[in-house]
Enquirer: 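This is the structure, below, for whatever I ask next.
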2 protein chains.
Amino acid sequence: MLISTRGRYALRVLLDIASKEGDDFSSLKLIAQRQGISLKYLESIISQLQAAGIVYSHRGKNGGYKLTKSTDEILLIDVLLAAEGSLRPVQCPALDNRDCGNDNCPTKDLWVQLNNTIVNFFGDKTLSDLLKSDKINLECYAK
Amino acid sequence: MLISTRGRYALRVLLDIASKEGDDFSSLKLIAQRQGISLKYLESIISQLQAAGIVYSHRGKNGGYKLTKSTDEILLIDVLLAAEGSLRPVQCPALDNRDCGNDNCPTKDLWVQLNNTIVNFFGDKTLSDLLKSDKINLECYAK
DNA sequence: AAAATTCCTATTAAGTAAATAGGAATTTGA
DNA sequence: TCAAATTCCTATTTACTTAATAGGAATTTT
């Protein structure tokens with residue numbers, strides 16, 4: 001599975017924050033309740049989003065999280081890389097610009113191209129693209 | 001990881017068989033030795049390739065495996081689906097034409113498009129595409 | 001009949017993903 | 001000032017999947 005729950009949940013958290021539009025910070029507790037995801041798990045995920053500069057936080061009462069940029073400036077590739085750590089689709093040293101010792105490997109190019117395809121797929125999409133549909137239901141029913 | 005060792009090893013086995021060109025069956029024992037992969041593990045992988053109609057076998061002494069088709073007729077998508085079982089990049093019911101209950105999910109289209117992108121990537125490539133380079137070293141040095 | 005192979009079923013080992021747990025630090029508002 | 005609400009930090013546990021191993025049965029050739 002290329003994208004695990006961390007990546008999926010990260011998108012849902014950000015979409016949840018984005019949908020709130022106000023001046024207030026969105027508290028994770030409420031997000032967790034709305035999304036039906038454990039607060040503690042979300043904490044560990046959003047801390048990575050914060051480290052990546054996608055959200056910022058405010059502690060204490062009335063604290064929570066906000067997006068650092070508008071939704072059309074937040075690239076999905078950045079969200080997913082932050083949440084997943086890596087999106088490499090296959091274990092091949094070439095994807096990390098490392099050398100496997102076989103310069104004439106018949107599958108190296110294939111894996112590099114696949115990796116590029118995936119990075120490009122998420123590289124030209126933003127959070128706002130996910131919000132464009134006129135009817136949206138942020139609640140996810142699938143586990 | 002979208003593609004695990006099963007998928008990678010499946011390709012290597014098939015490329016190994018393809019490179020032998022003779023009338024003889026390729027025995028897994030020799031393939032395993034050449035590729036540095038456990039015989040028992042390869043047995044379980046190639047049995048899936050056989051079930052998918054990609055190779056056929058002959059038992060007993062001088063037995064082994066052959067490709068059922070020429071390399072330009074063997075699609076990588078079929079090899080990988082056979083070896084991996086599934087290539088879905090994310091757990092979303094829509095990828096299996098199932099219903100998650102949320103018709104207005106903001107990420108459903110994204111995942112469907114990603115899935116299509118991956119299927120299309122492997123759907124127009126064949127084993128012979130991997131063998132086109134003039135210099136090829138079938139041995140893989142990476143774990 | 002022996003050797004070499006595929007075939008079948010089950011089990012184990014290792015690694016990763018998913019979540020849980022407990023409490024410290026910070027901030028706000030009463 | 002203090003209690004409540006929040007983020008923050010570190011560690012642990014649980015569940016699941018991948019990867020591999022094991023043993024031997026069935027088949028075919030020489």
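None of these values were measured; they are calculated from a predicted model.
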Enquirer: What's the verdict on side-chain contact (heavy atoms from CB on, under 4.5 Å) for A:Leu2 and B:Val90, showing C-alpha distance, side-chain angles and the deciding distance?
Expert: CA-CA 6 Å; A:Leu2 184 73; B:Val90 68; over 6 Å; no

Enquirer: What is the distance, to the nearest angstrom, from the OH atom on A:Tyr41 to the C1' atom on D:dT13?
Expert: 14 Å

Enquirer: What integer distance in Å separates B:Arg59:CZ from C:dT6:P?
Expert: 10 Å

Enquirer: So, A:Asp129 side chain and A:Thr126 main chain: donor-acceptor pair closer than 3.5 Å or not?
Expert: yes

Enquirer: Measure the distance from NZ on B:Lys61 to P on D:dT29 and round it to the nearest whole Å.
Expert: 12 Å

Enquirer: I want to check one thing: is the phosphate of C:dT6, taken as OP1 and OP2, less than 4.0 Å away from some side-chain N or O of B:Ser47?
Expert: no

Enquirer: Would you please confirm or rule out a distance under 4.0 Å between OP1 or OP2 of D:dT7 and any side-chain N or O of A:Tyr56?
Expert: no

Enquirer: Determine the contact category for B:Glu43: base if any of its heavy atoms lies under 4.0 Å from a base atom, sugar-phosphate if only primed atoms, P, OP1 or OP2 are that close, otherwise nothing.
Expert: base

Enquirer: Measuring from the side chain of A:His58 (C-beta onward, heavy atoms only), which nucleotide among D:dT30, C:dT27, C:dC7 has the closest atom?
Expert: C:dT27

Enquirer: Name the residue closer to the 5' end of DNA chain C, choosing between A:Glu84 and B:Gly63 according to the nucleotide with the nearest heavy atom.
Expert: B:Gly63

Enquirer: What is the nucleic acid contact for A:Ile46, judged by heavy atoms within less than 4.0 Å: base, sugar-phosphate only, or nothing?
Expert: nothing

Enquirer: Quick one: on DNA chain D, does A:Met1 or A:Gly64 contact a more 5' nucleotide (nearest heavy atom)?
Expert: A:Gly64

Enquirer: Using whole Å, what does the distance between atom P of nucleotide C:dA19 and atom CG of A:Leu42 come to?
Expert: 10 Å

Enquirer: Please state how far atom CG in A:Leu49 lies from atom P in D:dT7, giving the value in whole angstrom units.
Expert: 13 Å

Enquirer: Taking all atoms of both residues into account, what is the closest heavy-atom pair of A:Thr68 and A:Val55, and its distance?
Expert: CG2-C, 3.6 Å

Enquirer: Below 4.0 angstrom from OP1 or OP2 of D:dT6, is there any side-chain N or O of A:Asn62?
Expert: no

Enquirer: D:dT6 C1' sits how many Å from A:Phe25 CZ, rounded?
Expert: 12 Å

Enquirer: Nearest to the side chain of A:Arg6, heavy atoms from C-beta on, is which of C:dT20, C:dA18, D:dA20?
Expert: C:dA18

Enquirer: In terms of the nearest nucleotide of DNA chain D, which residue is placed more toward the 5' end: B:Ile37 or A:Leu39?
Expert: A:Leu39

Enquirer: Is the shortest side-chain N/O distance from B:Ser4 to OP1 or OP2 of D:dA19 below 4.0 Å?
Expert: yes

Enquirer: 5'-most contact on DNA chain C: A:Lys40 or B:Leu28, nearest heavy atom basis?
Expert: B:Leu28

Enquirer: If you check the A:Thr5 side chain, which of C:dC7, C:dA19, D:dT21 turns out closest?
Expert: C:dA19

Enquirer: Check A:Leu76, A:Leu75, A:Val79, A:Leu81 against A:Phe122 for a side chain to side chain contact (heavy atoms under 4.5 Å, CB included) and give me the one that passes.
Expert: A:Leu76

Enquirer: Between A:Ser57 and D:dT7, is there a side-chain N or O to OP1/OP2 distance below 4.0 Å?
Expert: no

Enquirer: Quick one: label B:Tyr65 by what it contacts on the DNA or RNA (base, sugar-phosphate, nothing), any heavy atom closer than 4.0 Å.
Expert: sugar-phosphate

Enquirer: Is a donor on one side and an acceptor on the other found under 3.5 Å between the side chain of A:Thr107 and the backbone of A:Leu110?
Expert: no

Enquirer: Whole angstroms only, please: what is the CD-P distance between A:Gln91 and D:dT18?
Expert: 14 Å

Enquirer: Could you go through B:Asn62 and B:Phe25, starting from their C-alpha distance and side-chain angles, then the distance that decides it, and tell me whether this counts as side-chain contact (heavy atoms from CB on, under 4.5 Å)?
Expert: CA-CA 7 Å; B:Asn62 298 327; B:Phe25 287 85; over 6 Å; no

Enquirer: Calculate the interatomic distance between B:Leu30 atom CG and C:dA4 atom P; express it in whole Å.
Expert: 11 Å

